[in-house]
Amino acid sequence: MLSRLILVSAPVLKSSAPLGAGLVQASRSFHTGQQSLAPVPALPEKGGKVRFGLIPEEIFQFLYPKTGVTGPYVLGTGLLTYLLSKEIYVINHETFAAASIGIVIVYGIKKFGPSVAAFADKLNDEKVAKVQEVKGLAVSNLQQAIEDEKKEQWRAEGRQNLFDAKRNNVAMLLEINYRERLHMVTSEVKKRLDYQIALQNLQRRMEQEHLVSWVEKSVVKSITPQQEKESIAKCITDLKMLAKIEQARATV
Amino acid sequence: AVPISQRRLMDVKLGELPNWAASRDFTPNGILSAVRRGHDRFYNKYINVKKGGIGGVAMLLTGYVVLSYIWEYDHIKHDRWRKYH
């Protein structure tokens, strides 16, 4: 009860600024100190040991060196006797009510304590498991992201190979182009040279034929009618002679 | 050795207790911080644990009962069985 009062009043006392706790002043700056990266210490497993559910163990340990084991019990008995005999604790109807309530409470705790504790632990474990799951998911996501990033880096390295292949392609295209043009050049030159050769051949043949026909024509022209008659007469006499020779050979 | 104000209460001798009580910080801030320290010690020892027992809550309730008995004592005085003790 008192602690809750402290919790409520502390922020009001802390913020001494006239503006109030809601507004952030420009002069304040957050996260200026060194960030401590130590992991948060885990909660202790069990609370401080208590005897009879009420008296902390420390009292027993404190009195042990002087009075031994029975010290605190004797102290408790003596205190109780003193309170009762001097009637600092008065026995009235409330004592009876307190006793009945105490018995009921003790019986209830003894009977239902462990099961309630197990239930509360289960709730706690579920909460922790949920949060752990979120954290695990986040961790696995980030790890997946790391893997993907590494893969991308590897791929980026592989791009060098791509560039090499493209460079090879381009070189090949250039080579092909060059060779095509070379071929075209040679074929064109050859065509022109062939043309010249054909031209020369044609020229020579035409000259030859022309010369031959001109010679024939001139020869034919030069044969005058007189010469024609003489040659025909000679041919006839030659033929007659030949016929005579043939006849002579045939009869022999 | 160490001055009185900075020693733990268990290390203060019985004769030096008044001196120790005088050297404590009685400003409102000091009182508040002392209450906060006490609350933190109790809370972190008996309540803020994984498997807390009945001890923490039981001690608080017992303290409440005792305190209310003390505050009502002047009224309960009249239910006493004997006049002279």
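Only heavy atoms go into these numbers, but all of them, side chains included; no hydrogens, no water, no symmetry mates. This structure is a prediction, so every number in the text was calculated from the model and none was measured. In what follows, chains carry the letters A, B, and so on, assigned in the order in which the sequence lines appear, proteins first and then strands, with residues in each chain numbered from 1.
- For B:Y43, no part sits under 4.5 Å from any heavy atom of chain A, backbone or side chain.
- Both the backbone and the side chain of A:V90 come within contact range of chain B, judged by heavy atoms closer than 4.5 Å.
- Interface remark: A:Y89 contributes backbone and side-chain atoms alike to the contact with chain B (heavy atom separation under 4.5 Å).
- In summary, A:R51 and A:E57 engage in a salt bridge, as defined by a charged side-chain N under 4.0 Å from a carboxylate O.
- Listed in order of number, the residues of residues 103-128 of chain A that approach chain B to under 4.5 Å between heavy atoms are A:I109, A:D121.
- Within 6.0 Å of OH in A:Y82 there are 12 or fewer heavy atoms belonging to other residues, nucleotides or ligands.
- Within residues 76-85 of chain B, the residues having any heavy atom closer than 4.5 Å to a heavy atom of chain A are B:I76, B:D79, B:R80, B:W81, B:R82, B:H85, listed by residue number.
- Of the charged side-chain nitrogens involved, at least one lies within less than 4.0 Å of a carboxylate oxygen, so that A:R155 and A:E152 count as a salt-bridged pair.
- Ion pairing between a basic and an acidic side chain is recognised when a charged N comes within 4.0 Å of a carboxylate O; A:K151 and A:D148 show no such pairing.
- A donor-acceptor pair is defined here as one N or O able to donate and one able to accept, closer than 3.5 Å; no such pair exists between the side chain of A:T67 and the backbone of A:Y64.
- Contact residues of residues 175-199 of chain A toward chain B are absent (heavy-atom distance under 4.5 Å).
- Close approach to chain A, defined as a heavy atom under 4.5 Å from one of its heavy atoms, is seen in no residue of residues 19-31 of chain B.
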